[in-house]
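Each chain gets a letter, A, B and so on, in the order the sequences are listed, and its residues count up from 1.
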4 protein chains.
Amino acid sequence: MAHTPPPERTPSSPVTRRRDPQATRDRLVRSALELFTSQGYHSTTTPEIAQRAGVAEGTIYRHFDSKEHLLNEIYRAGVRLFAGAVRESPATLGCRERLEGIAAAWREVAARNPAIVRLVFVNRLASLLDQKSRDASREFRADVEKLIASGKAAGEVRPGSVDVWADVWLELVGLTLERIANREWTPEHAALQHVSDGAWRAIGVSAPASPPLPSATSPPDPAPPSPA
Amino acid sequence: MAHTPPPERTPSSPVTRRRDPQATRDRLVRSALELFTSQGYHSTTTPEIAQRAGVAEGTIYRHFDSKEHLLNEIYRAGVRLFAGAVRESPATLGCRERLEGIAAAWREVAARNPAIVRLVFVNRLASLLDQKSRDASREFRADVEKLIASGKAAGEVRPGSVDVWADVWLELVGLTLERIANREWTPEHAALQHVSDGAWRAIGVSAPASPPLPSATSPPDPAPPSPA
Amino acid sequence: MAHTPPPERTPSSPVTRRRDPQATRDRLVRSALELFTSQGYHSTTTPEIAQRAGVAEGTIYRHFDSKEHLLNEIYRAGVRLFAGAVRESPATLGCRERLEGIAAAWREVAARNPAIVRLVFVNRLASLLDQKSRDASREFRADVEKLIASGKAAGEVRPGSVDVWADVWLELVGLTLERIANREWTPEHAALQHVSDGAWRAIGVSAPASPPLPSATSPPDPAPPSPA
Amino acid sequence: MAHTPPPERTPSSPVTRRRDPQATRDRLVRSALELFTSQGYHSTTTPEIAQRAGVAEGTIYRHFDSKEHLLNEIYRAGVRLFAGAVRESPATLGCRERLEGIAAAWREVAARNPAIVRLVFVNRLASLLDQKSRDASREFRADVEKLIASGKAAGEVRPGSVDVWADVWLELVGLTLERIANREWTPEHAALQHVSDGAWRAIGVSAPASPPLPSATSPPDPAPPSPA
DNA sequence: TATGAATGAGTTTTCATTCAT
DNA sequence: TATGAATGAAAACTCATTCAT
């Protein structure tokens, strides 16, 4: 009780310790992610990334082979963040419930990591992604298609190409994530339900039958620019 | 014998070759559009644009202030191409009919101008657009929202923000245009109807009532991975 | 007679004409050659090359793909300069006469192009040369070996590997060219004959029999540091 | 029991592992020498040197002021290795015998230390050597010239500049050392005698008189391309 | 004494733009 | 109006060296 414990050497110490490589790497990732998603990859320079991370330019290259490599590592981390919810979706539920569960989980991710949404769902960086990233992206997408295919097998999804319905659903969910990332909507915003319903109505057979779940937390029509 | 008559300045005159400023400008626009949409703006160099247009590097700058200016001019031309169909949509029809008419017109545009689809609907070049382009884009979008708002006033569109339904509809139509631009679908492809229906089911109230239009040109379910 | 002729557009006009690409290229070659041979390849920076050539940095890259490419072009030009004398050596003469003729021609080259000697005969840039350069170098060397081989077939050259005698002869002639390049000796310096004789004595059978040609232009022993 | 005896500071002590500063220094020298001579000075990075020596990057700077300093220390050690044989050459012998003795000693050195040959005899690093190294090199060279000068005084060496004959002899001996360093020849290879004879024929007066020493270990003429 | 993460000046290279012709 | 050689600011990346631990 009389003595102070020696300073912890734990790498994850919250104190910004200049000589903790992992911390430096994290700062670089965060900095690059923010800049890439706000300005675009090409308009972001390596000195900018370094400056925002509070390190020297050369430090980037102790942690990443190249600017492109840095982008790819961030991209794959982003995909991993979203892919988890798909893989962990309980196969016992129906297709609609599973998709809604996944979307809900994604909303939490988006609220916590706005930038990563812009990277994974919005940006078109196809030409900048390496093989590993393309594989990760393809696997993620395949998991979603598998889920929709099973829904289709169960008669829950309308006739049409699974590939196309995956596009449709991902596009519409992406729309909501984008709004959350932009802080236009919180994950509880009523409009989310509208789009969510819409996504299912677009692809599911049972949609119209189920009445839109009444949401207690928001007015039925919060749209600002709408004259109606 | 002493002098050649000066070449006619009619732009479409077959005699005027190469030295017609308008023709040069057109060649530059076409060249830049193709390169921007296939390789991206940043990966396209001005010498490349000039070479593909068959002119010297400096010539670009007799017609456009800068590479960015060139992009913006092309972008606005693209928006104009799509905006026409919205403005000309007959106000006497119902909302659904109008939207389907617009989408059909856009499909024709997309089939004829694949590159411009990629520029206007797909690419994210927000940071490269100037005020004029942003205004054009906003006006285009406002026209679509107005149409949806009127549909909502008529009870044809589900409750929800007009702004959001515009997003939803544009996103899904954009999906089909992209496929057309990529030559994955012709403008008559059956799947188009699926997505089109889906778009309306997502935003319209009457959607479920109307049975999916049977399409004679394609099997009811072309999805490869689904056995059901 | 009353009028001045219009300025000649001949590319080789002695007037430094800034917009003559060939002249610019020549200035770059000369500049790079001088810097590479005086400071070494790695210690020479591209801004230095440009500055000494009186052009901007970027201009280098309008004429050469890279700094390494520039080096290789210069190297091959250098090899060409020396290879000519070997190929043009009259096959009717004896081996010794031919070698001496070649060496004499090379001396003229060295007197006119001191820097190129240092590049071709002295520097070891093996690792910087591309395939084309290595081929050129090998061909040059093969021509010399062929000549020596024919001398050997005629019984003029001592037993031993042709490859080794080529090394020996080239090394010793290179020694004299270096002195000429360094302006230590003129191409007529008496010591040249000493080394030349020595080279032949080293590799030829008849050497000792022929008395050293008396040279009228220099004392028999001009060596400064020698105490004898 | 309370303390371990301090490790013996004898450099060759088998107990002292890794923490003997001299051993670390030796490892660094060896590593740098191998890398410099195989890849060149400029293509070798300090992290590479450290890694091959099995130490951390910063450790180099506990033993050497800089990369250049390291090179110079190695260079001088190399010169020392060869200089010994010159200084220890018995003044009682004739010039030719002394030179041949030195060359023979050098061959042994070269066989044992191939890398150092490439550094001292082959590489051109003039611009990287400091004053001390240049002095060492000059002294070494002066010793050789003194030896040749005495031979000249004794009438054994042909007329000509001592400086030049030193060049000639060193160049040709260097040729043989290079082959030994490259493992193309063993120190007993017959061709060595050919070149050695040639070197003396080039600079000595008596050379031609003495028939080429018959070598029992090799055919009289191993040259492949020559049929004669 | 040894470590190795961090540094930042310096390097090669790119390319939108200019301007003499 | 068109040309295309030249420009030079800015980019990505390297690596010898430092210094907190």
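- The distance between atom CG of B:Leu71 and atom C1' of E:dA16, rounded to the nearest whole Å, is 14 Å.
- The listed nucleotides are F:dA12, E:dT12, F:dA5; the one nearest the side chain of C:Arg62 is F:dA5.
- When each of C:Lys67 and B:Asp65 is assigned the nucleotide of DNA chain E with its nearest heavy atom, C:Lys67 is the one assigned upstream, toward the 5' end.
- Within 4.0 Å of D:Thr44, counting heavy atoms only, lie sugar-phosphate atoms of the nucleic acid but no base atom.
- Counting only distance, with no hydrogens or angles, the side chain of D:Thr37 and the backbone of D:Arg118 share no donor-acceptor pair below 3.5 Å.
- Of the possible donor and acceptor atoms, none in the side chain of B:Ser31 sits under 3.5 Å from a partner among the backbone N and O of B:Arg27.
- One can place CD of C:Gln22 at 16 Å from C1' of F:dA6, the figure rounded to the nearest angstrom.
- Put simply, A:Tyr61 has no side-chain N or O that comes within less than 4.0 Å of OP1 or OP2 on F:dT14.
- As a whole-Å value, the separation of B:Arg27 CZ from F:dT1 P is 17 Å.
- Closest to the side chain of B:Thr46, from the set E:dT17, F:dT17, F:dA5, is E:dT17.
- A distance-only check finds a donor-acceptor pair linking the side chain of B:Asn72 to the backbone of B:Leu128 [under 3.5 Å].
- Straight-line distance from the NE2 atom of D:His42 to the C1' atom of E:dT12: 15 Å, rounded to whole Å.
- Looking at the side chain of C:Thr45, the nearest of the listed nucleotides E:dA6, F:dA6, E:dT12 is E:dT12.
- Between C:Glu68 and B:Pro47, the residue anchored closer to the 5' end of DNA chain E is C:Glu68, taking for each the nucleotide with the nearest heavy atom.
- The backbone N or O of A:His63 sits less than 3.5 Å from a side-chain atom of A:Arg25, completing a donor-acceptor pair.
- For B:Glu57, whose side chain is taken as the heavy atoms from C-beta onward, the closest listed nucleotide among F:dT3, F:dG4, E:dT7 is F:dG4.
- Atom-to-atom, CG of A:Leu70 to C1' of F:dA12 comes out at 13 Å; the value is rounded to the nearest Å.
- The separation between B:Gln39 atom CD and E:dT14 atom C1' is 15 Å, rounded to whole Å.
- Considering only side-chain atoms of C:Ala56, the nucleotide from F:dT7, E:dA16, E:dT3 that sits closest is F:dT7.
- Nucleotide E:dT14 holds its P atom 18 Å from the CD1 atom of B:Ile49, rounded to whole Å.
- Within 4.0 Å of B:His63, counting heavy atoms only, lie sugar-phosphate atoms of the nucleic acid but no base atom.
- For the pair A:Lys67 and A:Phe36, the cation-pi criterion (under 6.0 Å, within 45° of the ring axis) is not fulfilled.
- In this structure, A:Gln51 atom CD and E:dA6 atom P are separated by 18 Å, rounded to whole Å.
- Using a 4.0 Å heavy-atom cutoff across all strands shown, B:Thr59 reaches at least one base atom of the nucleic acid.
- As the counterpart of E:dA20, F:dT3 is assigned, both hydrogen-bonding distances of the Watson-Crick or G-U wobble pattern falling under 3.5 Å.
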